[in-house]
2 protein chains.
Amino acid sequence: MRYGSAEIVPPDRRATIKEVAEAAGVSRSTASRALTGNGYVAEGVRLRVRQAASDLGYVVDAMARSLKQQSTRSIGVLVSDLRNEFYANLAAGASRQATRLGYTTMLIDDQGIPDDEVAAAEAFVALRVAGVVATPVSAAATKFLLRQRIPVVEVDRRFSDGECDAVVIDNRGSARAVTRHLIEQGHRRIALLIDEDDWTTGRERREGYVDALEAGGLPHDGDLVVPTGWDVEAARDAALELLRSPDRPTAIFAANNVLAEGAWRAAAELGLSMPDELSLAAFDDAPWMSMVTPGVTAVAQDASAMGRAAVQTLLERIADPGAGTKTVVLSASVKLRGSTVTAVPRDVRVG
Amino acid sequence: MRYGSAEIVPPDRRATIKEVAEAAGVSRSTASRALTGNGYVAEGVRLRVRQAASDLGYVVDAMARSLKQQSTRSIGVLVSDLRNEFYANLAAGASRQATRLGYTTMLIDDQGIPDDEVAAAEAFVALRVAGVVATPVSAAATKFLLRQRIPVVEVDRRFSDGECDAVVIDNRGSARAVTRHLIEQGHRRIALLIDEDDWTTGRERREGYVDALEAGGLPHDGDLVVPTGWDVEAARDAALELLRSPDRPTAIFAANNVLAEGAWRAAAELGLSMPDELSLAAFDDAPWMSMVTPGVTAVAQDASAMGRAAVQTLLERIADPGAGTKTVVLSASVKLRGSTVTAVPRDVRVG
DNA sequence: ATATATTGTGGGATCGATACCACAACTCGT
DNA sequence: ACGAGTTGTGGTATCGATCCCACAATATAT
């Protein structure tokens, strides 16, 4: 872009609406109306202002705007670990939906650390976000946000039941369905590999597992519920110990994809062939589960859809702050694969 | 929290510094100094103000602050597809580093769409971010941001060479190393599965591939460079066709993890055993590559470290806008696995 | 005792955009 | 020709926090 022979150099200060107004020969009020479309402006003037704005490379200052308007078009998204694809997909779904609906997203990864979660909540308040979508790791952040009158939607798990909206899947029902499937395959000793009991996810998955055992008339053997750490190594170690014991289970139900990876590695290490020597089922489908041989039976949750639904719910709440809280329960499907069956039937849908 | 017998209800308006000042019996100026720590405040007064702020649940309005200060403590992160774990890890690394250094992150997923990328850039300008980290899909967004005097760090690939900082890995060298490895395994017909040539990533990986062929005295057969779409399906189809041809290659080098998945599925479908009937190597290590049997040889880039380095570079640039642009080249390692070798040696480091 | 630092506080302008209100110019019906 | 309505524009206060500057009060030096 050249004017005469001189290269255009951008000014060192950004243009303000005042400069746009002067360039167009109108007042700031008129310029504002021309650019935002709120209020009367003659067509010719509107064009002149638009042209001046574009010439000057004017971009509205969202700070000044939202300071005046006392509201922002941005939402906060708080997830526990972006490197875990479940959260990444959730964030992607939320972010895209927000963009689609004209909101910008402030994303914070709190690494599952409660203190960081509260710090993130404070940052969101400082930024005056219109609302927050969070996968909570404690009740503190949500409480803090709600006290500040900022709408919150809890996703995946609940810490503030009834106090805010939520988007979850039917953990209990899905866990029950998978466990029932294992029972139907003839298994009598089915272990549950689980990392926590404090979150609704862990608790409900465990309840579903117990439900199915009871419905199937199987004893609920406490030794078969194996608590473990949250990472692959811990899960692998726990699974190794479990599978080396004399009365080892014939099937393992891993409560999430990380634990499933640990179990898978343990089984591979011990040379146990699936599904005959050991069956494995997981909560949370992950790409590798359909890449390995045999594939791993898993409950597939659409994390991206959860993110979308959460943003949707949040914006409805923003539009109507007075409405009663609601919980959206999304369905999940069980992907049957070679780790539990020899002839693989088509997907089963639950929830 | 109860006072007397009445439940405390939060006020419907958020507290401002003026209210904090009044509660503490000081002026707004003093309250500001007490809270920010800029300027003189008597110790007793500081405590009184802090207490008042905490009682009122005061949280600073970042909008008002940055409007006055004409600067923000937030950066923009622009990635192409959060569902792709490469970008997710990159974003996680960037986000965490930013948080660590006292910045908040605005994350946008532009889905690899140039128009969305430019829209995202405009949103960043409106929000007056201090800088932007981006995996560019065209030159437009970066140019726009630079014209607005907003520092940009391009990550993974370059569109604005020399005009801004960048963080990349040694694509050419890594591709050369992998291809050389395949040649050393005795392969003479090595196909390159690649989805694009317009980005520095694709171009350099291809150059590295060609380098190695030439160095190994092999003919550079154009038919062995297979262009394909960017998704798994397209890659699988291309690989299927390639592997069904009468003079099929004995090795495939997939230019990224998505294409590798397509190739893997194609090989599985055709029942080709690895590494004897077919060898497969990939650029971009993904979790499934170490879960499957045999494992897939791959160039492992530390996406999280790239994100960290990008934020680091960005903040240095913000601190010293006048310095010459720099390009940070991170190293990558080649993970040798069963898809190319029978006895698996330890990792080879390149770059 | 007076001059000079030091310590501490408040007043008021400022950042950029918006939106209410007043008002001007013009159209139209009677 | 006059009042009522429509169309269009500008002046000004405002959002919340910061920070420069003036200035008061006290401490220290000469």
Side-chain angles (χ1 to χ4, degrees), chain A residues 11-50 52-53 56-74 122 125-130 148-149, chain B residues 11-50 52-53 56-74 122 125-130 148-149:
Chain A
D12 39 336
R13 264 177 34 79
R14 246 181 297 267
T16 68
I17 199 170
K18 191 179 163 195
E19 283 147 19
V20 172
E22 280 165 6
V26 297
S27 72
R28 277 152 44 239
S29 312
T30 305
S32 172
R33 283 194 307 268
L35 294 173
T36 60
N38 296 344
Y40 284 118
V41 196
E43 192 52 27
V45 175
R46 158 176 283 115
L47 292 177
R48 235 168 54 229
V49 173
R50 290 263 164 90
L56 293 171
Y58 172 78
V59 177
V60 69
D61 186 328
M63 305 290 155
R65 171 179 285 175
S66 48
L67 176 60
K68 170 66 180 157
Q69 299 191 143
Q70 292 293 303
S71 71
T72 62
R73 294 282 283 178
S74 64
E122 279 173 7
V125 174
L127 291 164
R128 302 294 192 253
V129 295
Q148 294 281 340
R149 294 278 156 108
Chain B
D12 40 335
R13 265 177 33 79
R14 245 183 297 267
T16 69
I17 199 169
K18 191 179 162 197
E19 284 148 19
V20 172
E22 280 165 6
V26 296
S27 71
R28 276 150 46 240
S29 312
T30 305
S32 172
R33 284 194 304 267
L35 295 173
T36 61
N38 296 342
Y40 285 119
V41 195
E43 193 51 29
V45 175
R46 156 175 286 114
L47 292 177
R48 234 167 56 228
V49 173
R50 290 264 164 89
L56 293 171
Y58 171 78
V59 178
V60 70
D61 186 328
M63 306 288 156
R65 169 179 286 176
S66 48
L67 176 61
K68 170 64 181 161
Q69 297 190 147
Q70 293 293 298
S71 71
T72 61
R73 295 280 285 179
S74 65
E122 279 172 6
V125 174
L127 290 163
R128 302 293 192 255
V129 294
Q148 295 279 342
R149 294 278 157 108

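Note that these values count all heavy atoms, side chains included, but never hydrogens, waters or copies made by symmetry. Naming: A, B, ... by sequence-line order, numbering from 1 per chain.
- Following rounding to the nearest Å, Glu43(B) (CD) and dT9(C) (C1') show an atom-to-atom distance of 16 Å.
- Remark: Thr30(B) OG1 to Ile17(B) CD1 distance equals 9.5 Å, nearest 0.5 Å.
- Residues passing the side chain to side chain donor-acceptor pair (under 3.5 Å) test with Arg28(A): none are found, sequence neighbours excluded.
- Within the structure, no pair that satisfies the side-chain hydrogen bond (donor to acceptor under 3.5 Å, both in side chains) test touches residues 56-68 of chain A, not counting sequence neighbours.
- Put simply, chain A comes within 4.0 Å of DNA chain D, heavy atom to any atom, from dT7(D) to dG16(D), going 5' to 3'.
- When only modelled atom types and interatomic distance are considered, Ser29(B) and Ser32(B) share no side-chain donor-acceptor pair under 3.5 Å.
- Residues that satisfy the side chain to side chain contact (heavy atoms under 4.5 Å, CB included) test with Thr16(B), not counting sequence neighbours, are Arg13(B), Lys18(B), Glu19(B).
- Partners of Thr36(A) according to the side chain to side chain donor-acceptor pair (under 3.5 Å) rule, which considers only residues two or more places apart in sequence or in another chain, do not exist here.
- Going from atom NZ of Lys18(B) over to atom C1' of dG11(C) covers 14 Å, rounded to whole Å.
- Glu122(A) is linked by a side chain to side chain contact (heavy atoms under 4.5 Å, CB included) to Val118(A), Phe144(A), counting only residues two or more places apart in sequence or in another chain.
- Summary for the helix from dA1(C)-dT30(D) to dT30(C)-dA1(D): the axes at its two ends, each from 5 pairs, differ by 50° when rounded to the nearest 10 degrees.
- If you check residues 24-40 of chain A against DNA chain C, the residues with a heavy atom closer than 4.0 Å are Arg28(A), Ser29(A), Ser32(A), Thr36(A), Asn38(A), listed by number.
- Rounding to whole angstrom units, CZ of residue Arg128(B) and C1' of dA17(C) are separated by 11 Å.
- The CD-P distance, from Gln70(A) to dA17(C), rounds to 17 Å in whole Å.
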Please tabulate the protein-to-nucleotide N/O contacts below 3.5 Å involving nucleotides 22-27 of chain C, giving atom names and distances.
none

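- Met63(A) and Thr72(B) get closest at one heavy-atom pair: CE-CG2, 3.7 Å.
- For the pair Asp61(A) CG and dT14(C) P, the computed distance is 18 Å after rounding to whole Å.
- Among all heavy-atom pairs drawn from Leu35(A) and Ala53(A), the shortest one is CD2-CB, 4.0 Å.
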Side chain to side chain contact (heavy atoms under 4.5 Å, CB included) evaluation trace for Gln148(A) with Val59(B): CA-CA 9 Å; Gln148(A) 294 281 340; Val59(B) 178; 3.9 Å; yes
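- The salt bridge (charged side-chain N to carboxylate O under 4.0 Å, His left out) search around Arg33(A) returns none, not counting sequence neighbours.
- With the nearest nucleotide of DNA chain C identified for both Val45(B) and Lys68(B), Val45(B) has the one nearer the 5' end.
- Evaluation of the side chain to side chain donor-acceptor pair (under 3.5 Å) rule for Ser71(A) yields no partner, not counting sequence neighbours.
- The salt bridge (charged side-chain N to carboxylate O under 4.0 Å, His left out) search around Arg48(A) returns none, not counting sequence neighbours.
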